Number of protein chains: 2
Amino acid sequence: MKSKITLKDIARELEVSISTVSKALKNSEEISRDTKEKVQAFARLYNYKPNNIAISLKNKRTKNIGVVIPDIVHHFFTTVIRGIEKYANAKGYNVIVCLSEESFDKEVINMEMLANGSIDGFIMSLSSETQAKNDYNHLKEVTEQGIPVVLFDRITNEIDCDKVIIDDRMGGYLATKKLIEQGKQKIALITTDDYLSVSKARGDGYRKALLDSNIELDESRILKLPTMEMDEERIRNFFDSIEFDAVLCVNEIFAVFSMRVALEKGLKIPKDVAVIGFTNGLLSKYANPSLTVVAQHGEKMGEISAQMLIEKVESEKEEETFQTKILEPTLVVRDSTIN
Amino acid sequence: MKSKITLKDIARELEVSISTVSKALKNSEEISRDTKEKVQAFARLYNYKPNNIAISLKNKRTKNIGVVIPDIVHHFFTTVIRGIEKYANAKGYNVIVCLSEESFDKEVINMEMLANGSIDGFIMSLSSETQAKNDYNHLKEVTEQGIPVVLFDRITNEIDCDKVIIDDRMGGYLATKKLIEQGKQKIALITTDDYLSVSKARGDGYRKALLDSNIELDESRILKLPTMEMDEERIRNFFDSIEFDAVLCVNEIFAVFSMRVALEKGLKIPKDVAVIGFTNGLLSKYANPSLTVVAQHGEKMGEISAQMLIEKVESEKEEETFQTKILEPTLVVRDSTIN
DNA sequence: GTGTTTAACGAAAACGGTTTCGTGTTAATA
DNA sequence: TATTAACACGAAACCGTTTTCGTTAAACAC
């Protein structure tokens with residue numbers, strides 16, 4: 001087991017000082033051609049690579065980005081991570097992923113762990129519990145320490161920082177409009193409680209679209225589940241209890257399951273019931289019938305988040321100007337609506 | 001912006017030495033009750049937290065685990081990550097995720113980045129390009145430096161390290177047997193080239209099952225795609241070119257798409273065609289009809305990998321004993337087969 | 001021969017901790 | 001009273017770099 005070689009080892013071997021080795025490897029003008037060549041050759045031979053930790057301590061820069069998200073099995077979040085990775089890696093940053101699993105406490109613990117020197121900045125999406133509690137002290141602490149934060153998707157206005165979201169209200173609006181255009185009047189909405197910022201916005205878009213088309217809002221056609229977790233029973237009961245000719249769902253899974261329930265009821269899709277979901281994942285693409293969705297462009301979101309964060313991290317300036325980037329959702333039309 | 005407080009700050013403020021502060025915070029017996037209380041109170045007041053980087057440099061332990069995987073949008077890998085996170089977090093470790101995106105070069109670069117002090121050990125699954133090239137020097141280098149490595153799922157025998165796999169051969173066998181039991185004789189297999197270790201093993205299981213049941217192997221019923229990437233055209237052509245009454249696929253996506261093609265041909269599932277895939281993801285559960293799959297227990301795999309790695313990382317012993325854990329796949333029977 | 005410049009290198013501080021090994025003071029013991 | 005042990009603390013080394021600021025010796029000018 002050959003252990004990693006250090007500057008000290010090279011210095012000892014070549015009978016020069018550590019400083020000389022360090023400078024030689026950086027091609028400093030201070031060092032003679034001879035010495036530089038000798039040191040560099042030796043370093044190459046023994047495959048010297050500087051120790052990242054030591055450099056981090058010295059520079060107070062880790063080249064690590066902390067990503068704290070509620071869940072990783074959700075397609076949307078994985079695409080965001082991919083976008084972050086892509087941009088961050090190209091800039092020489094590593095990505096430390098922590099899962100809050102929708103828990104406030106885990107979110108806090110993870111952030112505290114990372115905030116003590118492990119990372120240069122955070123990219124995060126709030127856990128549902130955090131949004132429900134409306135407690136953002138852990139975020140405040142971090143920003144007050146001067147650690148840059150970028151919030152994406154599930155954000156809050158309580159914290160001053162860069163933000164990236166899609167226009168969920170527009171997404172809800174576009175989808176609902178689409179259903180209305182297809183002659184649907186009794187459009188059900190399956191969503192979650194309003195504390196989840198994205199659900200709230202999507203619901204607002206839905207209402208706006210109905211209003212614009214002079215369709216009366218029927219609250220009984222709205223099912224609010226406590227979380228994004230699937231609850232087959234409640235969805236089945238919901239469909240038994242209402243009349244509907246279309247369904248809008250705040251995620252893919254609710255939508256695909258709704259299609260199944262409709263099919264089981266002997267309804268034709270999209271003739272009797274049209275369905276639209278959010279998130280353009282594998283599920284939508286390969287469901288039978290394939291699902292029309294509001295695409296959220298997660299990868300783009302990740303890239304932009306990473307870009308904004310790294311810009312802040314590498315900026316010398318002290319000025320505190322924060323921006324919120326709003327991406328436009330697009331409708332991906334498939335077979336669960338008439339095209 | 002209040003910057004982080006250090007031991008030095010506390011020492012200066014309280015007019016004691018840094019060593020005293022350090023010891024007091026660790027509740028050392030050496031320090032008087034008075035001083036300890038004073039220091040601890042002060043530290044609590046100013047919310048002192050030790051700098052992870054400094055500790056890492058001193059201890060030569062980062063409490064970070066490097067995870068290098070080919071893809072994060074695949075359900076299987078996300079469940080593995082979740083398992084790793086779960087175990088690692090409980091043990092106080094952070095997880096640095098890097099994506100090779102099936103590229104040999106990216107795999108090498110990512111490992112080199114992390115190997116220079118950023119992590120205590122690797123958990124990884126080989127990129128397809130690496131398996132194709134059969135070049136594992138980057139892994140050799142890392143293990144020779146004494147950095148523990150755990151390989152999961154896509155492994156190689158060229159490297160001596162801990163490994164976690166599922167018995168893919170058994171998975172292929174179980175699935176094929178199941179189809180045979182249901183009276184199917186013309187069982188198609190959609191897989192990838194053999195360099196992917198898992199595909200090879202699954203194919204072996206398929207052959208073994210046919211052999212055991214005295215069903216002649218018809219190579220024309222096997223479609224080998226170059227990678228796990230979807231190729232709708234080739235799959236369609238494949239189905240046009242053969243007779244079949246069942247399909248086994250090495251992933252969910254191929255399987256769900258096969259179902260769609262079969263349905264388009266007017267075939268009934270599972271009566272005319274039964275379908276089984278690998279990976280028990282969302283797709284299988286919510287597909288119409290729902291898909292029978294070989295479950296790979298990714299989360300379990302992640303947990304075990306993390307456990308094995310952390311054990312090696314924290315073990316003082318020099319002895320090099322490596323083990324390979326083989327998990328048993330299970331068949332999750334749904335509507336794409338007769339039950 | 002004296003003073004000044006320049007090239008080439010080394011010593012040491014710094015990053016923020018941990019830990020070993022003194023050391024001075026006080027109290028207990030011979 | 002002299003010796004010793006216990007106590008409470010500090011100095012300094014160390015982890016592996018980077019970087020500033022000497023320092024030395026040779027080369028040059030006068």
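All values reported here derive from a predicted model rather than from experimental measurement. Numbers restart at 1 for each chain; the letters A, B, ... are given by sequence-line order, proteins then strands.
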_Please report the distance, rounded to the nearest Å, between NZ in Lys8(A) and P in dG10(C)._
16 Å

*asked:* Around atom CG of Asn157(A), are there more than 12 heavy atoms from other residues, nucleotides or ligands closer than 6.0 Å?
replied: no

*asked:* Can you list, in residue-number order, the parts of residues 56-63 of chain A that come under 4.0 Å of DNA chain C, counting heavy atoms only?
replied: Leu57(A), Lys58(A), Lys60(A)

_Carboxylate-amine/guanidinium contact Glu129(A) Lys133(A), below 4.0 Å_ = no

*Mind calculating the distance between CD (Glu15(A)) and P (dA8(C)) to the nearest angstrom?*
20 Å

_Crowding at NZ, Lys4(A) (>12 non-hydrogen neighbours, <6.0 Å)_ = yes

*Hey, mind stepping through Ser197(A) and Gln131(A) against side-chain hydrogen bond (donor to acceptor under 3.5 Å, both in side chains) and telling me if it holds?*
CA-CA 8 Å; Ser197(A) 53; Gln131(A) 291 203 316; 3.1 Å; yes

*Ile72(B) CD1 to Arg82(A) CZ distance, which is reported to the nearest 0.5 Å*: 9.0 Å

_Most 5' of Leu7(B) and Ser32(A) on DNA chain C, judged by nearest nucleotide_ = Ser32(A)

*Drop me the distance from Gln40(A)'s CD to Ile10(A)'s CD1, to the nearest 0.5 angstrom.*
10.5 Å

*Are Lys63(A) and Asp120(A) close enough for a salt bridge, meaning some N to O gap below 4.0 Å?*
no

*Specify the separation, in whole Å, of atom CG of Leu14(A) and atom P of dA8(C).*
17 Å

_Please report the interatomic distance CG(Asn89(B)) to CD(Glu85(B)), rounded to the nearest 0.5 Å._
5.0 Å

*asked:* Can you tell me how far apart CG (Leu139(B)) and CD1 (Ile155(B)) are? Round to the nearest 0.5 Å.
replied: 12.0 Å

*Are Ser17(A) and Thr20(A) close enough, and set up right, to give a side-chain hydrogen bond (donor to acceptor under 3.5 Å, both in side chains), and what steps lead you there?*
CA-CA 5 Å; Ser17(A) 76; Thr20(A) 302; 3.0 Å; yes

*Interface with DNA chain C, restricted to residues 19-31 of chain B and to heavy atoms under 4.0 Å*: Ser19(B), Ser22(B), Lys23(B), Lys26(B), Glu30(B)

*Run the side-chain hydrogen bond (donor to acceptor under 3.5 Å, both in side chains) check on Glu107(B) and Thr130(B) step by step: do they pass?*
CA-CA 8 Å; Glu107(B) 190 173 290; Thr130(B) 306; 3.1 Å; yes

_Axial bend angle, the helix from dG1(C)-dC30(D) to dA30(C)-dT1(D): five-pair end segments, nearest 10°_ = 80°

*Between which nucleotides of DNA chain D, read 5' to 3', does contact with chain A run, using atoms under 4.0 Å from its heavy atoms?*
dC15(D) to dC21(D)

*Do Thr35(A) and Ser32(A) meet the criterion of a side-chain donor-acceptor pair at a distance under 3.5 Å?*
yes

*Just one of Val149(B), Val150(B), Asp160(B) clears the side chain to side chain contact (heavy atoms under 4.5 Å, CB included) bar with Phe322(B), so which one?*
Asp160(B)

_Nearest-0.5 Å distance, CE of residue Met308(A) to CZ of residue Phe152(A)_ = 13.0 Å

_Under a 3.5 Å cutoff, is there a donor and acceptor pairing between the side chains of Glu112(A) and His138(A)?_
no

_Inter-residue atom distance Ile84(B).CD1 - Glu303(B).CD, 0.5 Å rounding_ = 10.0 Å

*asked:* Which residue in the set Lys325(A), Gln323(A), Lys312(A), Gln307(A) passes side-chain hydrogen bond (donor to acceptor under 3.5 Å, both in side chains) when paired with Asp162(A)?
replied: Lys312(A)

_Check this for me: does any side-chain nitrogen of one of Glu102(B) and Arg154(B) sit under 4.0 Å from a carboxylate oxygen of the other?_
yes

_Which residues in residues 108-117 of chain A have a heavy atom closer than 4.0 Å to any atom of DNA chain D?_
none

_Nucleic acid contacts - residues 39-55 of chain A versus DNA chain C, non-hydrogen atoms under 4.0 Å_ = none

